Q: 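Here you go, one structure.
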Amino acid sequence: MDFSIPSEVQSLVQKVREFLVAEVMPLEQTVLKRGFRAALPELGRLRQRVKELGMFAPHLPRELGGLGLSLADFGHVSEALGRCFLGHYVFNCQAPDAGNMELLLTHGTAEQKKRWLEPLARGEIRSCFAMTEPDRPGSNPTWLATAARHDGSDYVIDGHKWFTSGADGASFTIVMAVTNPDAPPHLRASQIIVPLPHPGFELVRNIPVMGHPGEDYESHSEVLFKACRVPESNRIGEEGAGFVLAQERLAAGRIHHCMRWIGICERSLELMCERAARRLIGPDKPLATRQTIQDWVAESRAEINAARLMVLHAAWKIDHEGGHAAREEISIIKFYAAGVLERVVNRAIQVHGALGITDDTPLAYWYRFERGARIYDGADEVHKSVVAKRILRQYGFSVKS
Ligand SMILES: Cc1cc2nc3c(=O)[nH]c(=O)nc-3n(C[C@H](O)[C@H](O)[C@H](O)COP(=O)(O)OP(=O)(O)OC[C@H]3O[C@@H](n4cnc5c(N)ncnc54)[C@H](O)[C@@H]3O)c2cc1C
């Protein structure tokens with residue numbers, strides 16, 4: 001088994017890290033103190049610079065301006081970018097745009113690619129993905145209330161969605177809506193593009209998360225579709241294939257998220273160690289002399305290393321055998337890496353004392369906004385249940401739901 005990282009990936013990761021330290025991390029305090037919108041002009045300049053350096057949209061194939069990386073190689077880049085909470089946005093591989101790009105690339109028509117994928121890849125527009133509903137469990141996406149009915153050659157969409165990340169300022173959304181109500185549950189919904197703004201689409205509010213309503217890309221919105229009419233040609237893939245496409249999209253998406261979380265863990269551990277080594281709890285007595293702190297450092301190192309190997313293995317399996325074959329690994333990394341993230345950020349905050357809960361470091365930002373990691377893309381409990389049932393099946397245990 002060869003654990004070495006290809007030299008070209010190593011040098012790319014090094015370039016990414018240097019760029020983040022020199023150019024992007026200095027902008028973190030602007031976002032933390034004045035909000036995302038205040039930083040947009042500077043973020044735009046940095047995106048242009050990344051393009052000139054040939055590192056923009058690294059997850060995409062070369063013909064779309066990307067770097068043509070395998071999922072496992074992109075994983076290393078995603079980890080490096082995760083060290084700064086603006087990293088993925090500046091390199092144009094942020095969720096949910098990255099997932100939407102991959103979906104359109106694989107299943108979009110030529111016209112959809114021209115109108116939506118190409119400007120997304122160039123970073124000229126943003127997009128969002130509206131699946132979760134306030135009145136139905138997001139954990140069961142086969143049971144949606146939002147419907148798209150046929151009217152001539154159009155769909156007319158009615159429904160209520162929320163946690164549509166980045167809807168504020170997006171140029172289109174992909175909405176999951178029931179088009180075939182009488183089909184089996186997994187074949188009822190379709191994914192349909194709605195240009196924004198659009199008659200019948202309403203952005204109700206940016207939902208406050210841990211006290212922060214957010215703005216622009218950095219937001220999660222509640223949205224309404226009221227007799228919202230779009231042509232049938234806006235559907236992505238076959239009618240009724242929405243759920244299957246969502247599963248496919250989430251396979252790569254989970255690698256992106258997990259490696260980003262590992263990047264967050266690495267920076268948090270770095271901050272934890274710097275603080276422990278510097279902070280004196282008495283004359284000539286740094287905090288790092290305490291065994292509890294040493295325990296947190298060692299546990300964090302071990303957990304991060306374990307999570308990284310698990311995620312890279314899952315990415316390797318997707319690259320070689322496809323998302324379906326890697327179903328179990330994908331579920332395992334989703335809850336395991338989210339748990340490591342929560343624990344490592346929490347320990348780093350504790351080591352910083354009161355400073356840890358201020359916005360003078362990025363730790364409190366991650367504590368606020370990454371608590372959701374245990375909920376989005378499938379709650380921990382759902383993934384654990386998937387894994388356990390698959391294992392128990394080998395012992396003759398089988399349950400329907
Ligand atoms: C930060 C963030 C960003 C998001 N962005 C988007 C987005 O861009 N687009 C979008 O469509 N959605 C988005 N979501 C929504 C997300 O996908 C849902 O929150 C998630 O699928 C869970 O659905 P729910 O919130 O309705 O919880 P529910 O389905 O109501 O579940 C609540 C809890 O019940 C438990 N539970 C549920 N089912 C089971 C089960 N089978 N076994 C055991 N326990 C169970 C779990 O503990 C779960 O946390 C986002 C969410 C967050 C937090």
Side-chain angles (χ1 to χ4, degrees), residues 36 85 88-89 94-103 126-146 157 159-170 172-178 185 189-194 196 203-225 236 242-243 245-247 249-250 253-254 256-257 260-261 264 330-331 334-335 338-339 341-342 345 365-390 392 399-401:
F36 193 84
F85 60 80
H88 285 76
Y89 177 84
Q94 69 285 354
D97 297 289
N100 286 348
M101 288 185 227
E102 278 156 7
L103 183 73
R126 280 196 302 100
S127 63
C128 54
F129 185 71
M131 179 160 81
T132 308
E133 304 179 350
D135 304 323
R136 291 283 166 97
S139 302
N140 181 5
T142 63
W143 189 37
L144 296 171
T146 300
I157 307 169
H160 188 185
K161 301 281 187 183
W162 81 337
F163 274 86
T164 305
S165 301
D168 180 7
F172 71 96
T173 184
I174 297 173
V175 60
M176 272 272 275
V178 174
S190 300
Q191 298 200 13
I192 302 167
I193 299 170
V194 177
L196 299 178
L203 194 154
V204 180
R205 60 170 177 151
N206 287 340
I207 307 160
V209 171
M210 306 272 183
H212 286 251
E215 55 191 16
D216 199 79
Y217 166 67
E218 201 190 65
S219 63
H220 309 285
S221 304
E222 178 178 348
V223 303
L224 279 173
F225 297 84
I236 301 172
F243 180 76
L245 297 187
Q247 289 297 103
R249 159 208 182 96
L250 287 173
R254 285 184 184 131
H256 296 193
H257 274 311
R260 183 172 63 79
W261 298 341
I264 296 173
I330 292 166
S331 278
K334 173 63 193 24
F335 71 78
L341 170 70
E342 191 183 37
V345 172
Y365 176 98
W366 284 320
Y367 195 72
R368 281 198 292 278
F369 296 121
E370 297 301 346
R371 175 61 183 83
R374 293 189 48 212
I375 298 168
Y376 60 75
D377 271 16
D380 282 8
E381 295 70 28
V382 177
H383 285 293
K384 286 182 182 176
S385 182
V386 167
V387 172
K389 280 186 205 158
R390 286 173 70 93
L392 289 166
V399 277
K400 280 269 173 285
S401 60

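For ligands, and for the atoms within them, numbers begin at 1 and follow the listed sequence. Keep in mind that this is a model prediction, so the values were computed, not measured.
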Q: Over 60° means perpendicular and under 30° means parallel, so classify the ring planes of Tyr376 and His257, tilted if in between.
A: tilted
Q: State, yes or no, whether a side-chain contact exists between Glu215 and Asp168 at a heavy-atom distance under 4.5 Å.
A: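 They are in contact (side-chain heavy atoms under 4.5 Å apart), so the answer is yes.
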Q: Look at Arg374 together with Asp380 and state whether they make a salt bridge at an N to O cut-off of under 4.0 Å.
A: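 Yes, Arg374 and Asp380 are salt-bridged.
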Q: Under a 4.5 Å cut-off applied to non-hydrogen side-chain atoms, are Arg260 and Leu341 in contact?
A: no
Q: Kindly state whether the ring of Phe36 and the ring of Tyr89 have centres lying under 6.0 angstrom apart.
A: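 Judged by ring-centre distance (under 6.0 Å), Phe36 and Tyr89 do meet the cut-off.
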Q: With a 4.0 angstrom cut-off on heavy atoms, strictly below it, pick out the residues next to ligand 1 and order them by chain and number.
A: Phe129, Ala130, Met131, Thr132, Arg136, Pro137, Gly138, Ser139, Phe163, Ser165, His220, Ile375, Tyr376, Ala379, Glu381, Val382
Q: Do Arg249 and Leu245 have side-chain heavy atoms sitting under 4.5 Å apart?
A: no
